[in-house]
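Below is one structure, written out as structure tokens, with a few remarks after it.
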Amino acid sequence: MSAPSFVDLTHHLSPETLQRRSNPLKDIIRIALSNPELVSLANGDPHHTLYPIRRIDYEVASVASEDPVADWRSLGAAAPSQVLSTAQDEDNRLLRAALQYGHGAGLAATLKTVDEINKAYHTAPHHVPIMTLGNADGITKVFRLFGAPGDHFLADEFTFAPMPIAAEAHDVKWVPVSIDTGGIIPEELERILATWDPARGRRPHVLYTVPCGQNPTGSTLSLERREKIYSIAQRYDLIIIEDDPYYFLQYDRTVSGTPSGTHKALPKSFLSMDVDGRVVRIDSFSKIMVPGMRLGWITSTPALHAHLVRLVDLSTQNPHGFGQILVAALLGAHGWGLGGFAKWVGSLRADYQRRRDFFLSAFAREVAPTGLASADVPEAGMFVWIRVHLEQHPRFRADVARARAAEGEGAAVGARTNTTELLAELFEACVAGGLVICPSSVFTLKSDARYRDVPTPIEDRSNFLRATFAGSEETIAAGVPILGRVLREFFGVGDVRVGDQHSEVPRE
């Protein structure tokens with residue numbers, strides 16, 4: 001295989017990254033680990049005979065059946081399982097390595113495992129992985145890799161709130177890109193870059209995006225849009241941070257139980273398009289195994305990988321050995337293997353699709369007939385994006401900006417309507433009615449109002465609620481009717497659902 005011809009992206013690195021030296025003690029550990037024949041008197045490693053742990057056994061689901069997730073969920077204690085034991089490893093090497101001090105990249109056996117996942121589902125033979133403490137840890141580390149004070153990063157105008165907040169602490173400023181039901185609009189991305197005013201500072205050089213099952217909107221980028229976005233990234237010299245925790249939870253797809261079959265059925269990732277080395281991909285086991293394990297991985301070029309290793313070695317250190325052992329054993333020779341992993345995530349995908357469809361059926365029955373809200377059908381992820389038709393509310397106002405100006409508050413900037421206020425009231429009404437649901441206001445990407453140039457301010461388009469279908473059918477069946485009832489009460493209308501078996505909503 002020919003050597004990669006990645007472009008030099010050093011100019012994207014933050015001053016913090018460029019000034020960071022390697023951890024000299026970790027460099028010595030790497031020397032010792034790479035040559036076990038050496039006699040080491042270098043590091044203060046507790047001897048393995050003093051660890052109070054001899055073996056670790058994990059009882060995990062069996063993937064022998066056609067639908068292992070359904071069996072595991074429905075059969076309870078009677079569900080078929082298998083036991084993975086560190087005793088299955090020759091000389092207990094895996095356990096011993098996992099319980100020792102490690103280095104930034106992670107446990108060798110676990111790195112090999114995630115590299116095999118990458119090769120099965122993506123085409124990126126020259127990119128390399130590094131283990132993380134889950135998705136949020138990976139994202140914030142990558143933000144630090146590239147973000148200098150005063151830099152501008154691009155992201156979907158509605159995005160998962162904690163991530164941009166984390167970057168703001170490093171004085172990174174956000175520029176929202178308009179989205180629709182298909183995700184980021186490439187033409188809007190290019191317009192922002194092409195018309196960038198140098199007076200604002202350096203042109204944005206990083207795009208952060210969730211391409212599959214975007215949180216909160218549930219949108220998934222088509223292959224055509226991905227190709228356009230990557231082409232724009234090449235023309236305008238962008239780094240793409242591909243945060244893809246829902247990659248394996250893509251719905252309405254016919255996939256086989258083999259890695260190659262699943263790979264062909266799922267859309268091509270930005271990582272697989274990356275001929276320049278400008279994509280940094282972030283994956284996680286949280287959505288497909290267990291979130292509390294806090295384990296994921298970043299995939300990047302060797303040059304960027306080296307900087308990430310330095311950051312890990314001087315901050316969090318490599319992730320805990322217990323989770324790394326589980327992943328390495330589960331996908332290893334005595335566990336599921338890569339084929340069993342494909343069967344598990346395929347079965348998991350089917351289970352979540354069933355939950356999604358159950359939610360949408362309940363919504364169609366309890367909410368949609370009111371005409372007060374509508375829902376997009378998510379192609380991936382765990383969330384339904386619900387549009388509330390606040391323009392129908394009797395107290396909706398479309399002249400807020402003019403009213404402010406008339407009251408002497410100056411020229412109108414920002415909201416022209418009272419959408420934000422009404423949505424806040426609706427959220428409170430939902431809580432009072434017994435339902436917690438997320439208002440879109442918590443997902444709007446904060447930006448400099450002086451440079452807003454979209455036809456409709458984001459505040460006037462924040463008439464959405466985010467609901468999850470990841471819970472049980474019982475939770476969905478209890479929650480969706482509450483939403484329907486609260487909407488009718490909030491809008492001051494009777495019960496307008498189809499059918500005559502329901503009486504008008506009582507007034508208090």
Side-chain angles (χ1 to χ4, degrees), residues 60-61 63 67-70 72-73 110 113-114 117-118 120-122 129 131-140 142 156 159-163 183 208-221 241-253 255 259 262-263 265-267 269-271 281-299 319 323-324 326-327 330-331 336 338 340-359 378-385 438 443 466-472 475-476:
V60 300
V63 291
D67 195 353
V69 172
W72 188 250
R73 173 177 49 81
T110 313
T113 297
V114 298
I117 293 175
N118 282 348
Y121 294 94
H122 310 285
M131 303 308 300
T132 67
L133 294 164
N135 228 51
D137 176 59
I139 295 166
T140 53
V142 175
D156 304 12
T159 198
F160 184 56
M163 296 302 94
Y208 167 70
T209 188
V210 180
C212 300
Q214 196 264 2
N215 186 358
T217 69
S219 63
T220 295
L221 289 170
I241 302 176
E242 182 178 30
D243 177 16
D244 215 356
Y246 304 108
Y247 175 77
F248 293 105
L249 300 182
Q250 300 186 59
Y251 311 123
D252 305 310
R253 299 177 182 276
V255 297
T262 306
H263 160 233
L266 299 177
S269 63
F270 283 117
L271 181 66
R281 180 178 172 85
I282 301 169
D283 286 277
S284 173
F285 289 109
S286 294
K287 309 302 182 185
I288 55 177
M289 287 189 186
V290 288
M293 186 165 64
R294 305 307 305 162
L295 195 65
W297 70 100
I298 301 170
T299 305
Q324 293 196 68
L326 173 58
V327 168
L330 188 62
L331 275 69
W336 293 350
L338 206 55
F341 172 77
K343 181 182 281 190
W344 175 261
V345 295
S347 180
L348 190 66
R349 181 186 305 115
D351 194 90
Y352 275 115
Q353 181 169 327
R354 177 186 56 77
R355 293 168 192 251
R356 180 204 67 174
D357 294 346
F358 184 85
F359 183 101
E379 297 180 41
M382 294 179 168
F383 303 105
V384 175
W385 195 231
C438 289
F443 302 109
R466 191 200 73 173
T468 182
F469 54 86
S472 67
T475 300
I476 296 170

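This chain uses plain numbering: 1 for the first residue, then up along the sequence.
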* Asked: Would you call D357 and R354 a salt bridge, taking side-chain N to carboxylate O under 4.0 Å as the test?
  -> no
* For Y247 and D283, test the side chains for any donor-to-acceptor distance below 3.5 angstrom and give the result as yes or no. => no
* Asked: Any ion pair linking R294 and D137 (charged N to carboxylate O, less than 4.0 Å)?
  -> no
* Is the backbone of P378 close enough, under 3.5 Å, to the side chain of W385 for a donor and an acceptor to pair up by distance? -> no
* Asked: To the nearest 0.5 Å, what is the distance between CD (Q353) and CG (L249)?
  -> 11.0 Å
* Asked: Rounded to the nearest 0.5 Å, how far apart are CG of N215 and OG1 of T159?
  -> 7.5 Å
* Asked: Quick one: are Y246 and K287 in side-chain contact, heavy atoms under 4.5 Å?
  -> yes
* So do the side chains of W344 and L330 get within less than 4.5 Å of each other, counting heavy atoms only? -> no
* To do: Take the angle between the ring planes of Y251 and F469 and call it parallel below 30°, perpendicular above 60°, tilted in between.
  => perpendicular
* To do: Kindly give the heavy-atom pair with the smallest separation between T468 and M382, and that separation in Å.
  => OG1-O, 3.0 Å
* Asked: Counting distance only, does the side-chain N/O of T299 pair as donor-acceptor with the main-chain N or O of P129 below 3.5 Å?
  -> no
* Are F341 and I288 close enough that some pair of their side-chain heavy atoms sits under 4.5 Å apart? -> yes
* Heavy-atom side-chain proximity of M163 to V210 below 4.5 angstrom -> no
* **Close side-chain approach of D252 and R356, heavy atoms under 4.5 Å** => yes
* Asked: Can you name the nearest heavy-atom pair linking F443 to C438, along with the distance?
  -> CE1-CB, 3.8 Å
* Structure fact -> For A70 and S347, the nearest pair of non-hydrogen atoms, with its separation, is N-OG, 4.0 Å
* Write down the atom of W297, the atom of T132, and the distance for their closest heavy-atom approach. => N-OG1, 3.5 Å
* What distance do D244 atom CG and L271 atom CG have between them, rounded to the nearest 0.5 Å? -> 10.0 Å
* Asked: Taking the side chain as C-beta and beyond, is there a heavy-atom pair between L331 and I117 under 4.5 Å?
  -> yes
* Asked: Can you tell me how far the CG atom of L266 sits from the OH atom of Y121, to the nearest 0.5 Å?
  -> 8.0 Å
* Is there a side-chain contact between D243 and F160 (heavy atoms, below 4.5 Å)? -> no
* Asked: Any idea which heavy atoms bring R355 and I476 closest together, and the distance?
  -> O-CD1, 4.0 Å
* Asked: Just by distance, do the side chain of Y352 and the backbone of Q250 share a donor-acceptor pair under 3.5 Å?
  -> no
* Check: E242 side chain, P211 main-chain N or O, donor-acceptor pair, under 3.5 Å -> no
* To do: Nearest 0.5 Å please: distance from the CG atom of D351 over to the CZ atom of R73.
  => 4.5 Å
* Roughly how far, to the nearest 0.5 Å, is CG of N118 from OG1 of T113? -> 11.0 Å
* Determine whether M131 and V327 make a side-chain contact, defined as any pair of heavy atoms from C-beta on separated by less than 4.5 Å. => no
* Over all atoms of both residues, closest heavy-atom pair of G213 and T220 -> N-OG1, 3.1 Å
